[in-house]
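One structure below.
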Amino acid sequence: MALESAFVLIFAGQMPRGITNIGAFFGLFMSLAALLITVFFGRVKTFLKKLWKRKSGKVFLICFSSVFGLLCAYAAVLSSLMIKEIHNVPKQPDAVIVLGCRVDKSGKPSLMLNRRLEAACEFLKENEELICVVSGGQGKDEPVSEAEAMKKALEEMGISEERIFAEDVSESTEENIAFSARLLEDMGIEVTEAAIVTDGFHLYRAGLMAERAGLKTTSISADTPWYLVPSYWLREWFALSAVFFLGK
């Protein structure tokens, strides 16, 4: 019960922060369902026994259990692929690509975006020969483009302006990668490996988008705040499903 309650609080706590993605709602729903089952376990057990005695009820329970089991296995496979990509560390990259995230109304990078920039900055300082592409357009509620905010922040962190190139028109992960690859190509930079910087949960999907763009990538995982990981990790399951089944 303590575990279910903790997850309810974690997912519910996302709402006041403005995090209302499908992962937050799905996580809250599943956590509440698990909590209610635990609290009313005796009644649930009795109900299931009665349902099992009926032929239609038995068929329903078998079908429901099978589908639920398959979905759990599917989620486990997605998670394993996501975790594997986190450990796909850079080998000999020719460039670094930092994927955008929300910019605050002040024009400063949001918490998650700032964590991405910190990870990129650390890697760029360790590899001074590399250039960096910051990628992200301007949303309706953003005072500047994500690329502009990232470029300014990296400069303030000590990265030379000459090493940072902005791709400021993309509106999705797919466009982040495709437009960044095109920018590098237009600059005459041959890229055999690009190091993608984003949150760990996002790296696998970014890698899939890179394959579409004909770009080989490795991964630099940002330090995502722990309390944000559950909702964004679940959201990524839905985003990956859209890629696999809808081609998005």
Side-chain angles (χ1 to χ4, degrees), residues 1-52 60-61 63-89 99-105 108-119 122 141 173 197-207 219-244:
M1 188 182 297
L3 183 62
E4 291 97 332
S5 299
F7 274 107
V8 168
L9 292 174
I10 288 172
F11 287 114
Q14 309 297 298
M15 310 302 174
R17 295 187 176 94
I19 301 172
T20 55
N21 59 52
I22 190 171
F25 285 115
F26 179 71
L28 181 60
F29 171 78
M30 294 301 292
S31 299
L32 283 171
L35 179 60
L36 290 173
I37 289 172
T38 301
V39 171
F40 300 103
F41 181 74
R43 295 183 182 180
V44 172
K45 186 177 179 180
T46 300
F47 172 75
L48 292 177
K49 284 183 176 179
K50 290 181 179 179
L51 194 61
W52 183 258
F60 170 78
L61 288 176
C63 292
F64 178 83
S65 299
S66 299
V67 171
F68 184 75
L70 287 172
L71 289 175
C72 287
Y74 174 68
V77 170
L78 290 184
S79 294
S80 66
L81 292 171
M82 291 161 67
I83 292 170
K84 181 180 179 182
E85 187 59 35
I86 291 173
H87 294 93
N88 181 25
V89 297
L99 303 189
C101 188
R102 186 176 60 84
V103 171
D104 290 336
K105 292 181 179 179
K108 297 288 186 179
S110 60
L111 175 59
M112 288 177 65
L113 183 53
N114 198 59
R115 293 289 180 89
R116 296 182 187 185
L117 294 170
E118 288 174 351
E122 181 180 352
D141 59 344
T173 298
V197 183
T198 185
D199 291 85
F201 59 80
H202 191 208
L203 283 166
Y204 178 62
R205 182 157 56 96
S219 302
I220 300 174
S221 179
D223 184 18
T224 310
W226 67 268
Y227 53 86
L228 297 178
V229 173
S231 59
Y232 281 97
W233 194 275
L234 295 184
R235 186 196 71 165
E236 202 63 18
W237 290 350
F238 289 93
L240 285 169
S241 297
V243 172
F244 294 144

Euclidean distance, [Y] [atom2] relative to [X] [atom1], rounded to 0.5 Å:
X: R205; Y: T198; atom1: CZ; atom2: OG1; answer: 8.5 Å
X: R235; Y: L228; atom1: CZ; atom2: CG; answer: 11.0 Å
X: L99; Y: L203; atom1: CG; atom2: CG; answer: 8.0 Å
X: H202; Y: I86; atom1: NE2; atom2: CD1; answer: 12.5 Å
X: L111; Y: R102; atom1: CG; atom2: CZ; answer: 9.0 Å
X: L113; Y: E118; atom1: CG; atom2: CD; answer: 10.0 Å

For this session: Please work out which of the three classes, parallel, tilted or perpendicular, describes the rings of F201 and Y232, given edges at 30° and 60°.
Result: parallel

[Y] side chain reached by [X] side chain, heavy atoms, under 4.5 Å:
X: F7; Y: M30; result: no
X: M1; Y: L35; result: yes
X: M15; Y: T20; result: yes
X: W226; Y: I10; result: yes
X: P109; Y: V103; result: no

[X] versus [Y], closest heavy-atom pair with distance:
X: S221; Y: A119; answer: O-CB, 4.2 Å
X: N21; Y: A24; answer: OD1-N, 2.9 Å
X: L234; Y: G27; answer: CD1-CA, 3.5 Å
X: T173; Y: A206; answer: CG2-CA, 4.0 Å
X: V8; Y: L28; answer: O-CD1, 3.8 Å
X: R115; Y: T224; answer: NH1-C, 4.0 Å

For this session: Would you please indicate if the ring centroids of F25 and F11 are separated by under 6.0 Å?
Result: no

For this session: Apply side chain to side chain contact (heavy atoms under 4.5 Å, CB included) to W237 and S79, showing your working.
Result: CA-CA 8 Å; W237 290 350; S79 294; 3.2 Å; yes

If you count the non-hydrogen atoms of other residues, nucleotides and ligands that lie under 6.0 Å from [atom1] in [X], is the total more than 12?
X: F47; atom1: CZ; result: no
X: Y227; atom1: OH; result: yes
X: F29; atom1: CZ; result: no

Problem set entry | Matching residue for F238 among F26, Y74, F244 - test: ring-ring contact (aromatic ring centres under 6.0 Å, His included) | F26

Exercise. Do you see a donor-acceptor pair shorter than 3.5 Å between the side chains of S31 and E4?
Worked result: no

Problem set entry | Any donor-acceptor N or O pair under 3.5 Å, side chains S219, Y204 | no

Exercise. Any salt bridge between R116 and D199, counting N to O under 4.0 Å?
Worked result: yes

